[in-house]
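The analysis underlying the following values was restricted to heavy atoms, covering all of them including side chains, and did not include hydrogens, waters or symmetry mates. Below, read A as the first sequence line, B as the second, and so on, with proteins coming before strands; counting in each chain starts at 1.
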Protein chains: 2
Amino acid sequence: MCHCQGVPSVSQAPIRQNSVRAHNLALVLQTVANSADPISRASVAGATGLTRSTVSALVDDLIAGSLLTEVDPAPRTGAGRPAAGLRPAPDGPAGLGLEINVDYRAACVVDLTGTLRHRLVEAGDQRQAGALSALTRLAALARHRAEADGLTVAGAALAVPGLVAAGGVVRVAPNLGWQDITIGTELDGLPLTVDNEANLAALSELGVGELPPSFIYVSGEVGIGAGIVLDGSLYRGVRGWSGEIGHIPIDASGPLCRCGARGCLEQYAGQEAMLRAAGVTSVAELAGADLTIAGTALGTALSTVVNLLDVDTIVLGGIYAPLVARLRDAIDAEIGRRVLTGSPIRLRAATFGPDAAMRGAAGAVLQGVLNDPAGWLARS
Amino acid sequence: MCHCQGVPSVSQAPIRQNSVRAHNLALVLQTVANSADPISRASVAGATGLTRSTVSALVDDLIAGSLLTEVDPAPRTGAGRPAAGLRPAPDGPAGLGLEINVDYRAACVVDLTGTLRHRLVEAGDQRQAGALSALTRLAALARHRAEADGLTVAGAALAVPGLVAAGGVVRVAPNLGWQDITIGTELDGLPLTVDNEANLAALSELGVGELPPSFIYVSGEVGIGAGIVLDGSLYRGVRGWSGEIGHIPIDASGPLCRCGARGCLEQYAGQEAMLRAAGVTSVAELAGADLTIAGTALGTALSTVVNLLDVDTIVLGGIYAPLVARLRDAIDAEIGRRVLTGSPIRLRAATFGPDAAMRGAAGAVLQGVLNDPAGWLARS
DNA sequence: GTCAAATAATTCAACCAATAAACAAATCTT
DNA sequence: AAGATTTGTTTATTGGTTGAATTATTTGAC
């Protein structure tokens with residue numbers, strides 16, 4: 001019948017008075033969290049558009065719930081009563097970030113201030129049976145230490161190098177040899193989310209520096225994956241399988257790829273291809289090699305991504321992070337040639353290096369609290 | 001300082017009581033608009049989660065503002081007082097959709113029920129000076145006719161085959177020979193938005209049929225563009241230049257493209273390439289031709305898009321729309337080979353054919369009203 | 001044919017949360 | 001020491017939703 005008006009863009013849920021408070025609690029909490037320095041109630045009111053009295057009431061709730069704390073007033077500027085500074089509480093909820101990869105498992109705890117409180121890494125081949133229960137033990141240890149600090153772990157997120165479907169099901173993780181492994185949505189009573197390693201690594205960059213609203217995080221490992229952040233939030237795709245850029249065709253007559261096609265990106269910029277081209281055996285040795293071939297292939301593939309999505313920032317992570325200086329020229333040249341709009345692209349190395357996925361996982365948990373502090377406060 | 005929590009995902013604006021009403025008005029209006037049949041206040045309450053009394057109050061406002069009307073009750077089912085049916089009003093706000101292309105200009109008026117009320121098309125080369133003022137006259141005529149029907153034109157949107165920046169500036173429209181043309185944000189006192197033709201055409205598909213939340217609209221014309229709809233809303237990119245898929249590399253040793261690279265998609269599936277390959281001179285004759293080369297190239301490029309964005313629906317528009325049957329096999333084969341996740345992809349022809357961009361433009365205006373009915377009601 | 005049951009829609013008192021304005025607190029300026 | 005200035009709290013008011021009671025209108029049963 002009526003075609004043209006499209007699907008609703010207003011969220012499906014009704015707004016009641018409760019939702020107003022929930023929204024404004026999140027607004028106040030995030031305003032404090034995104035401020036570099038301690039910030040006063042009055043400044044929060046100014047930044048959000050809420051009145052000072054409303055902010056005071058909301059802040060009272062947030063302090064009572066250990067989401068904010070008052071700190072000593074910032075150095076004062078002029079006349080007037082000195083402000084009480086607000087900061088995210090260092091002793092409230094914390095995020096438990098987990099990662100499992102081919103040759104290590106890891107867990108970390110990050111508090112609301114963004115501080116890494118604990119970091120546990122265990123090397124070793126994870127392609128064995130029992131890897132998951134070892135990870136569970138590691139997670140329990142990290143949680144125990146966090147709770148000894150007075151933190152309350154709000155949830156856990158696990159980064160996996162593979163395709164993850166809803167409900168914590170790993171459809172396939174080729175390098176781990178996993179297929180249709182159900183990890184579930186709970187870990188020792190803690191809510192658990194499982195997500196692709198590149199997606200969570202991309203989240204770790206959100207909030208770093210100048211906050212680009214949209215960017216692509218490219219994760220170079222054995223395969224090549226991408227985390228796509230659009231307008232400030234991670235885009236996961238219909239089934240959660242976005243960002244598979246490893247098989248963008250570079251040259252139809254190129255080398256045969258394990259996927260069956262010829263000349264995929266992975267055959268030029270994948271870990272093994274780069275090692276082979278450079279004639280070395282370890283990733284560390286790549287720092288001294290000529291990476292023009294890989295850089296050009298990456299630039300070609302990223303041109304397609306930029307032409308399609310019009311993003312202006314690309315973050316290189318995984319094995320690429322320490323190699324950005326050597327890759328930049330070839331990538332820039334190719335993007336300059338192929339991106340029609342001539343947009344300048346900012347290319348930068350991942351901030352957290354090998355910890356990116358784990359840090360992003362912990363950050364994802366904390367995001368949940370920041371986006372719904374009312375739900376956190378209402379927990380029994 | 002505090003890194004990991006990321007940018008706020010809660011909208012920056014505070015919610016006050018006004019916003020509650022504004023949101024719920026939109027919720028009720030959209031619930032009615034998205035219902036195939038007339039729907040009762042009670043059903044709206046059930047669907048939205050609001051109470052019947054709240055819905056009644058909101059509906060009163062919407063009816064008073066000519067956004068909804070009561071119609072005869074639907075065939076009743078059992079006992080009880082019969083419901084009064086609600087429908088979008090056919091005599092309220094309307095959207096004015098405009099399009100300018102190489103060889104025609106067009107205007108249409110669509111009302112809130114999705115009905116096309118007027119459609120004006122003028123053939124002729126638009127690459128001349130004065131094309132814009134001719135379009136302005138056509139728009140005025142369409143508006144005049146709509147107002148003679150008792151409609152109130154809420155705004156206008158113009159589809160242009162080129163890159164459009166903020167503020168109604170056409171950065172470049174190669175086939176029109178335009179460069180840095182400022183069209184502005186107003187047309188005879190009406191709010192005007194200017195957007196890429198493929199973007200608006202994509203919007204025309206939103207709300208058709210089973211409402212896929214994410215899809216790609218591919219517009220085949222002289223060049224090839226794409227409109228990207230993710231999670232129910234159009235993704236425009238950082239500068240509004242998303243969807244440039246015409247120059248995805250298909251074969252590094254292929255024919256030289258006007259962009260300077262070799263083997264771009266446009267060289268296989270662009271209008272001129274297809275005509276040349278088929279040995280015909282008009283688009284209509286393509287219906288009888290072998291389109292395997294174009295289909296394979298399209299399939300290769302779309303595989304990249306699907307691997308990157310994990311969308312499950314692709315709509316083929318422009319010159320591709322009537323050719324879907326002949327293109328499908330080659331596209332499907334290529335996607336089947338190259339999309340690693342093995343996801344089934346739905347491929348379908350555009351619903352509105354050559355009117356897609358114009359209809360989408362009108363729809364975009366109506367979307368604005370549907371998303372902010374309170375703003376519409378508050379106009380003086 | 002009348003009454004009970006069922007469903008739709010409206011009315012009204014209660015409640016929740018934000019607002020605005022007045023007030024209290026703490027510091028700076030002169 | 002007095003006034004200016006800014007922060008933070010208190011209190012009455014307002015807007016908007018809720019929930020229960022009420023009215024309206026039909027079907028079905030006796």
* Asked: In whole angstrom, what separates A:H23's NE2 from D:dT17's P?
  -> 16 Å
* **Per-nucleotide protein contact string for nucleotides 11-21 of chain C, where B marks a base within reach and S marks sugar-phosphate only (heavy atoms under 4.0 Å, - for neither)** => B----BBBBB-
* Of the non-hydrogen atoms in B:A362 and B:V110, which two are nearest, and what is the gap between them? -> CB-CG2, 3.6 Å
* Given atom CD1 of A:I63 and atom P of D:dT9, what is their separation to the nearest angstrom? -> 9 Å
* Does a salt bridge link A:R236 with A:D195, judged by any charged N lying under 4.0 Å from a carboxylate O? -> yes
* **Side-chain ion pair, A:R117 and A:D149, N-O less than 4.0 Å** => yes
* Would you kindly give the CZ-to-C1' distance between A:R81 and C:dA25, to the nearest whole Å? => 5 Å
* Are side-chain heavy atoms of A:W376 and A:S66 found at a separation under 4.5 Å? -> no
* Asked: Ion pair present between B:R21 and B:D61, side-chain N to carboxylate O less than 4.0 angstrom?
  -> yes
* **Below 4.0 Å: OP1/OP2 of D:dT10 and any side-chain N or O of A:R52** => no
* Does B:E205 pair with B:R359 as a salt bridge, N-O distance under 4.0 Å? -> no
* Can you check the B:L377 CG to D:dG16 P distance for me, whole Å? -> 13 Å
